Trainee: 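First the structure, then my questions, so here it is.
Everything quoted here is computed from the prediction, not taken from an experiment. One is the number of the first residue; the rest follow in order along the sequence. Note: hydrogens, waters and symmetry copies are ignored here, and every other heavy atom, side chains too, is used.
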Amino acid sequence: MQSLGQSVGAVDISAIVVTSSAVGALLGLFLIIIWLQERDTRAFAWWGAAYMIGASAIALANAPRPLIAMPAALSGVLIFIACGMVWNGVRLFHGRPILLSATFGGAFVWLMCLQFPQLAADAGQDRVIGAGIVGAYTFCIAWELWRERRKSLFSRAGAFAVPLMHAAMFIAPISLRNYNLFGSHDGWLVVFALETMIYSVGAAFIVLLMVKDHHVQVQRTAASTDPLTGLLNRRAFFSCTAALYMRQRRAAKPVTLMMFDLDKFKRINDTFGHAMGDEILRLFSATLRGSMRADDIIARLGGEEIAAIVPADEDTTLKIAERVRANFQKAGTLVGDIAVNSTVSIGVASTADASEAIEALMARGDAALYRAKSGGRNRVCAAAPDEVAHGAGETPAAAQAAVPPLAPDLAFSGHA
């Protein structure tokens with residue numbers, strides 16, 4: 001069987017290496033320029049530096065007459081450091097801490113392997129080890145991209161697939177080495193240079209796609225989130241509630257609403273000032289997030305009125321509501337150094353199979369909340385099936401009618 005090395009024998013290897021190095025360096029410069037324009041995204045600096053280090057390493061490894069004598073292992077060390085920097089850049093982009101071990105781990109393993117004379121003397125064996133290290137790095141990069149839940153499905157699948165294919169192309173020669181598919185060292189070098197050039201361009205497109213999705217997510221969050229508390233706003237609440245209703249109705253499963261109202265909130269504002277009122281709202285929102293599940297829908301409807309809707313029955317939701325009440329009673333005792341003793345009243349209304357309209361459910365939740373407040377505050381009350389709302393003011397139905405329909409790409413379950 002003709003080897004791949006023989007098939008590419010006529011290819012000008014030096015031209016391919018120079019082209020591969022130039023492409024990597026230009027892409028690195030491009031990413032650094034983007035970082036200079038968007039200093040808040042430090043991942044661009046890591047990626048740009050990694051590309052330029054990698055390009056320098058390829059050029060250094062294949063320079064016919066180096067101007068300065070360098071250790072033979074230096075090019076490999078630089079390549080593995082570049083791979084680690086790309087991995088750390090992905091982690092940094094997604095808000096995860098930098099791992100210095102990730103940056104230098106591959107280079108350390110490479111240098112340790114070269115301490116064994118039989119490996120250092122066998123050029124084919126050290127290429128196999130190098131391919132394995134790069135492949136392992138790239139699998140790690142693919143995993144970091146895959147486990148990021150904020151990205152759209154298309155972007156996440158694409159970002160995962162490109163590094164995965166890149167890793168597979170590096171790992172494959174390890175298992176195929178005995179078949180002499182690459183023939184000589186030159187054959188391996190051609191494949192490596194071409195693969196690196198293709199992946200570098202593909203990875204740059206993935207970076208741009210990730211940045212685009214990041215900007216879309218920022219805008220989507222801003223349009224759906226209450227800026228003071230970080231909870232959903234009224235508009236997003238009704239959109240998410242409609243989606244939850246649809247799912248639960250198809251499965252004939254219950255939906256339960258909780259209506260929260262901070263007790264004596266006006267008196268707190270008058271006594272301690274509006275800054276204290278804002279702080280208590282933030283404290284209660286944090287208590288809610290810590291006491292409920294990540295996929296529960298929680299929103300600030302206005303003022304101190306907050307609502308949550310969950311895919312659970314009444315008994316389960318009453319336990320959740322009691323946990324929220326108890327946790328906030330403890331958290332609201334002292335705000336800073338001030339004894340505020342803030343508490344919350346909660347009304348709970350449930351529909352067994354999501355057949356009851358959200359307007360009617362909110363009316364019953366309001367009625368239960370009224371009973372909780374009139375019965376002494378700082379308590380949880382469940383609505384009767386035929387209970388009606390008390391008090392004046394805008395009804396839930398009117399409130400929902402005033403909310404314009406939300407675009408499909410702004411609807412999402414959960415809270416910020």
Side-chain angles (χ1 to χ4, degrees), residues 13-35 42-63 66 68 70-93 98-111 114 126-142 144-145 159 162-171 173 185 188-208 210:
I13 298 174
S14 61
I16 292 178
V17 170
V18 169
T19 303
S20 178
S21 300
V23 168
L26 287 173
L27 289 174
L29 181 62
F30 170 69
L31 291 170
I32 288 177
I33 291 173
I34 294 179
W35 170 68
R42 292 186 296 155
F44 286 127
W46 280 76
W47 289 327
Y51 267 65
M52 299 189 79
I53 290 173
S56 301
I58 294 175
L60 181 65
N62 299 280
I68 303 174
M70 295 287 182
L74 180 60
S75 59
V77 168
L78 292 177
I79 287 175
F80 303 137
I81 289 176
C83 291
M85 291 179 68
V86 172
W87 183 11
N88 267 322
V90 174
R91 291 181 59 85
L92 195 61
F93 185 79
I98 292 172
L99 298 176
L100 291 180
S101 59
T103 301
F104 301 105
F108 178 78
V109 171
W110 170 255
L111 291 175
L114 292 183
D126 66 11
R127 289 198 297 271
V128 168
I129 295 172
I133 294 174
V134 175
Y137 266 125
T138 324
F139 275 120
C140 292
I141 293 169
E144 292 287 349
L145 294 168
V162 171
L164 192 64
M165 288 188 294
H166 173 63
M169 291 178 70
F170 265 106
I171 295 296
H185 169 75
W188 166 268
L189 185 60
V190 169
V191 173
F192 175 80
L194 287 174
E195 195 277 336
T196 300
M197 185 163 51
I198 293 170
Y199 173 71
S200 297
V201 175
F205 278 105
I206 291 298
V207 166
L208 294 177
M210 288 168 55

Trainee: Restricting to non-hydrogen atoms, name the atom on Ala57 and the atom on Leu78 that form the minimum distance, rounded to 0.1 Å.
Mentor: CB-CB, 3.6 Å
Trainee: Mind checking what makes side-chain hydrogen bond (donor to acceptor under 3.5 Å, both in side chains) contact with Trp87, not counting sequence neighbours?
Mentor: Glu144
Trainee: What are the two closest non-hydrogen atoms of Ala25 and Met52, and how far apart are they?
Mentor: O-CG, 4.1 Å
Trainee: Could you measure the distance from the CG atom of Leu111 to the CZ atom of Phe104? Nearest 0.5 Å is fine.
Mentor: 12.0 Å
Trainee: Give me the one residue out of Trp46, Phe44, Phe30 that meets side chain to side chain contact (heavy atoms under 4.5 Å, CB included) with Trp35.
Mentor: Phe44
Trainee: Can you name the closest pair of heavy atoms from Ala43 and Gly89 and give their distance?
Mentor: CB-O, 3.2 Å
Trainee: Any idea which heavy atoms bring Gly54 and Ala82 closest together, and the distance?
Mentor: N-CB, 3.9 Å
Trainee: Take Phe80 and Phe108 through the test side chain to side chain contact (heavy atoms under 4.5 Å, CB included) and record every step on the way to the result.
Mentor: CA-CA 9 Å; Phe80 303 137; Phe108 178 78; over 6 Å; no
Trainee: Would you find a donor on one side and an acceptor on the other, under 3.5 Å apart, between the side chain of Tyr51 and the backbone of Leu26?
Mentor: no
Trainee: Can you tell me how far apart OG1 (Thr103) and CE (Met85) are? Round to the nearest 0.5 Å.
Mentor: 7.0 Å
Trainee: Could you tell me whether a side-chain N or O of Asn88 sits under 3.5 Å from a main-chain N or O of Ile98, the two making a donor and an acceptor?
Mentor: no
Trainee: Hey, could you give me the SG/CD1 distance between Cys83 and Ile141, rounded to the nearest 0.5 Å?
Mentor: 6.5 Å
Trainee: Do you know which two heavy atoms are closest between Ile81 and Ala107, and how far apart they sit?
Mentor: CG1-CB, 4.1 Å
Trainee: Assess the residue pair Tyr137 and Val86 against the criterion (side chain to side chain contact (heavy atoms under 4.5 Å, CB included)); give the C-alpha distance rounded to whole Å, side-chain angles, the decisive distance to 0.1 Å, and a yes or no.
Mentor: CA-CA 9 Å; Tyr137 266 125; Val86 172; over 6 Å; no
